[in-house]
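Reminder, nothing fancy here: chain letters follow the sequence lines and each chain counts from 1.
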Amino acid sequence: MSEEQHHSTEEDLRQHRLDKLERIRARGDEPFKYIFERTATITEARATFEEQENSAEDKAGVQITAALAGRVVSFRDHGKSAFADIRDEHARVQVYFNQKKVGEAAFTALSDLDLGDFIGVNGVVHRTRTGEITIFADSYTLLTKSLRALPEKYHGLTDVETRYRQRYLDLVANPEVLDTFRKRIKLIDTMRTWLTARGFLEVETPMLQPLAGGASARPFITHHNTYDCDLYMRIAPELYLKRLIVGGFERVFEINRNFRNEGVDTRHNPEFTMMELYEAYQDYLGLMDETEELFCAIIDAVNGGPEFEYQGTIINATRPWKRLALFDAIKEYAGIDLAATRDRDEAAKLAKSAGVKIDNTMGYGKIVDEVMSACVKPKLVQPTFLYDYPVEISPLAKKHRDNPAITERFQAFIGTLELCNAFSELNDPIDQRDRFMQQAKERERGDEEAQILDEDFITALEIGMPPTAGLGIGIDRLAMLLTNSGSIRDVILFPQLRPTE
RNA sequence: GAACGGGUAGCUCAGUCGGUAGAGCAUCGGACUUUUAAUCCGGUGGCCGCGGGUUCGAAUCCCGCCCCGUUCACCA
C-alpha cells in the first residue's frame, strides 16, 4: 500500500491500530475475546517454577507448562524470534516467541500486536540462558486489542494532571501506584475487621439530608424533583448514627463519604471518606484507649510494624502515645496560659503575644483553636492525643465532668496531620438545644459554618441516649500517612479536578 | 480568592541573544533465531495551552484568559 501514510500524531497512531484490528478480523480472529483460561497467575507460575527448581537435581532441565495472561508492556523483535514482557495485576514475565514453535502464520501475526494489548500465552516456563524466567510460547491468543498508545515505558507517566484525570493511565504506567491503593484498601479492611470483631455493626445513613448537620462546614446543595425541595449532601453522619444509639443499637459504625463545599488543596478533597463509630456506655477516656489500639492495629497491618517514614521523618507509633491536655499543650508550645482566662479579649491579647493572627470576629473558642493550629499542631509529629477542648468549638460534645468550660473531647495527631476527632457525646437534650442556639448566634454573626438546630435530633435525645462515646477518623489522611503521600489526591483514585470542556 | 512555578510530538524532556521547531522512547519501513531501556539502517509525526499586542520576524518579549502544581487563606 504505497498510498499508506506514515504519520504518528495521536490520531494516526490510533488509526494504525484500527488498521491492525481490521487485518486481525479479516483473517478470522476476534480481537476482543470473551474468556481465557489461565492455569496460573504470573506470580503463581513463578513461585511454582522456583519451587521445582529448588528441589531439582538438574536445575537447567526444570520446566512447567502453563497458560498465562497479561498486558504486553514491551516487545523485542529479533527476526525469526521475539521477546515480549507481559504484566498481570501483580507481576511481569517474559514471553519468548519462536517462528518454528508458534508457526509461521502466528509469528507473522505478531506484527499486528501492540504495546498495551492483552494476550494469553500457552507454553513452557523455564529459564533463558541469561537466567530470566520466561514462558516459551507454544501458542498465543490476542485477548484485547489496545487502540491507543501507552505512556512511555521508561519514564512512565509523570504529568500529574493526566495522572489524576486519567487514573487508568497512571495505574498502567506506574504500577507502584497500585501499591498505594492496595495499602488504602488494607487500611479500611483492617479497620472494618477490628470493629466487627468488637461487636460494632456497620450501618448506612443518609447521604442526602434535609439539614446538613454533625459538623461545621459548608454543604453542597442538590434538589429532589418529586418532593420539589432542596437537599444537602451530608457533611457528617454523626446525628443519624446517634439516633441509632437512641434506638437501641449499642455499637455502630459507618465508613463512607462526606461532602464539604470548601477549598481544595493537598489535604482537602470535596468528597472524603470518614469512619465514624458510636459506643454506648463508654466515655472519651475509654475510647482514647480503643482508638490508640485501633490505630496501632492498622499501622501494623499496613506497614508491618510501629515504625514508618512520613515525608522524611521516622514515625514511631509504639504505645502508649503521648497525651496532652489542650491547654497544657498550648502552655508548652505557645508559651501562654489560655486556661487562666475565659475573657475573649484577654485571650486575644495572649494569642497575639504568641504571634498568632487574631481578628475581631473570633470568639474565645476560636482563638484557642487558632493558637492550637498555629503553635501546637506543627509540633505534633510523633503520635499525640490532645484532649479537653473549649465548649464553644465543640457543640456536640459533653461538658467535662469537672469543668463546664471545656468538653470531653480528644483528637489524635501524627506527622502534624489531624487523624481523628472524638468525644463523650452530649446526651443532655436541654444542653444540646442551648449549644445549637449558641451556634445560631454564631451564624447570625456571619459564620456560615455554624451548625444548624436539628429539632428531630433533639427529640431523639429527649427519648434518651445512653452515655456514649463517638469517634471519627479521616480515612484519606490516614492513608496519606501510611503511604507516605504528600497530597490527598495521591490516595484518592479519582480526585476532584476542575472539569474540562 | 492571592502569590509563585509550570503547559513544546502519543510519552519523557531540551530549546542560548527574538532569526527555518529538536532529542530519546513510541510509531512506520528494512535487517537480525536468547533479548531484556535489545541493536543497526531509513522515515513519519508540532494550533509550541488559548486569544490579542510589539516586531521585518515571536515557542522566546508584553497584556488578558484557561488548566495543573506548590504555598497561603478557609477547612478535616
- [ ] Step through it carefully: locate the ring centre of A:Phe295, locate the ring centre of A:Trp321, and say whether they are under 6.0 Å apart.
- [x] yes

Task: Given B:C72, B:C67, B:U35, the nucleotide with the shortest approach to the side chain of A:Arg267 - done: B:C72

Open item on the list: Donor-acceptor check, side chain of A:Glu276 to backbone of A:Ile255, threshold 3.5 angstrom: yes or no?
Closed with: no

Open item on the list: Partner lookup for B:C40, please. Criteria are Watson-Crick or G-U wobble with both distances under 3.5 angstrom; report none if nothing qualifies.
Closed with: B:G30

Open item on the list: Please give the distance between the C1' atoms of B:C61 and B:C17 as a whole number of Å.
Closed with: 12 Å

Task: Of the listed nucleotides B:C25, B:A76, B:U35, the one nearest the side chain of A:Arg260 - done: B:A76

Task: Closest-nucleotide 5' rank along RNA chain B - winner of A:Arg127 and A:Phe75 - done: A:Arg127

Task: Donor-acceptor pair under 3.5 Å, A:Thr128 side chain vs B:U35 base - done: yes

Open item on the list: In this structure, is the centre-to-centre distance between the rings of A:Phe49 and A:His126 below 6.0 Å?
Closed with: no

Task: Closest to the A:Thr9 side chain, choosing from B:G46, B:C25, B:C72 - done: B:G46

Task: Nearest-neighbour nucleotide for the A:Lys20 side chain, B:U70, B:U27, B:C25 considered - done: B:U27

Task: Distance-only donor-acceptor test (3.5 Å): side chain A:Asp159, base B:C11 - done: no

Task: Distance-only donor-acceptor test (3.5 Å): side chain A:Gln94, base B:U35 - done: yes

Task: Check ion pair A:Asp447-A:Lys366 (N to O, under 4.0 angstrom) - done: no

- [ ] Measure from the side-chain heavy atoms of A:Arg165 and tell me the nearest of B:A38, B:A76, B:C67.
- [x] B:C67

Task: N/O (side chain, A:Arg76) to phosphate O (OP1/OP2, B:U35) under 4.0 Å - done: no

Task: Inter-nucleotide P distance (B:A76, B:U27), Å rounded - done: 50 Å

Task: Span that lies between the P atom of B:A23 and that of B:G46, in whole angstrom - done: 14 Å

Open item on the list: Check the orientation of A:Phe83 and A:His78. Use parallel for under 30°, tilted for 30 to 60°, and perpendicular for over 60°.
Closed with: perpendicular

Task: Nucleotide forming a Watson-Crick or wobble pair with B:A21, both distances under 3.5 Å - done: none

Task: Ring centroids of A:Phe272 and B:A76 base under 5.5 Å with planes under 30° - done: yes

Open item on the list: Both A:Pro151 and A:Leu115 contact RNA chain B. Taking the nearest nucleotide for each, which residue is further toward the 5' end?
Closed with: A:Pro151

Task: Pair A:Glu11 + A:Arg14: basic N to acidic O under 4.0 Å - done: yes

Task: Under-4.0 Å side-chain N/O to phosphate OP1/OP2 contact, A:Arg129 with B:U35 - done: yes

- [ ] Specify the separation, in whole Å, of atom CD1 of A:Ile488 and atom C1' of B:U70.
- [x] 16 Å

TODO: Could you check which of B:G10, B:C67, B:U33 has an atom nearest any side-chain atom of A:Tyr96?
DONE: B:U33

Open item on the list: So, OP1 or OP2 of B:U12: does either fall under 4.0 Å of a side-chain N or O from A:Thr158?
Closed with: yes

Task: Given B:C68, B:U34, B:G10, the nucleotide with the shortest approach to the side chain of A:Val160 - done: B:C68

Open item on the list: Rounding to an integer number of Å, can you tell me how far A:Met480 CE sits from B:A76 C1'?
Closed with: 11 Å

- [ ] Using the P atom on both, measure B:G22 against B:U16 and round to a whole Å.
- [x] 14 Å

Task: Span that lies between the C1' atom of B:A26 and that of B:G18, in whole angstrom - done: 33 Å

TODO: Measure from the side chain of A:Leu157, starting at C-beta and using heavy atoms only, and say which of B:U70, B:C11, B:U35 lies closest.
DONE: B:C11

Task: Listed nucleotide nearest any side-chain atom of A:Glu152, set B:U12, B:A26, B:U33 - done: B:U12

Open item on the list: As a test of reading the structure: which of B:A76, B:A37, B:U70 is closest to the side chain of A:Lys153, going by heavy atoms?
Closed with: B:A37

TODO: Kindly confirm or rule out a cation-pi arrangement of A:Arg409 over A:Tyr389, judged by NZ or CZ under 6.0 Å from the six-membered ring centre and within 45° of its axis?
DONE: yes

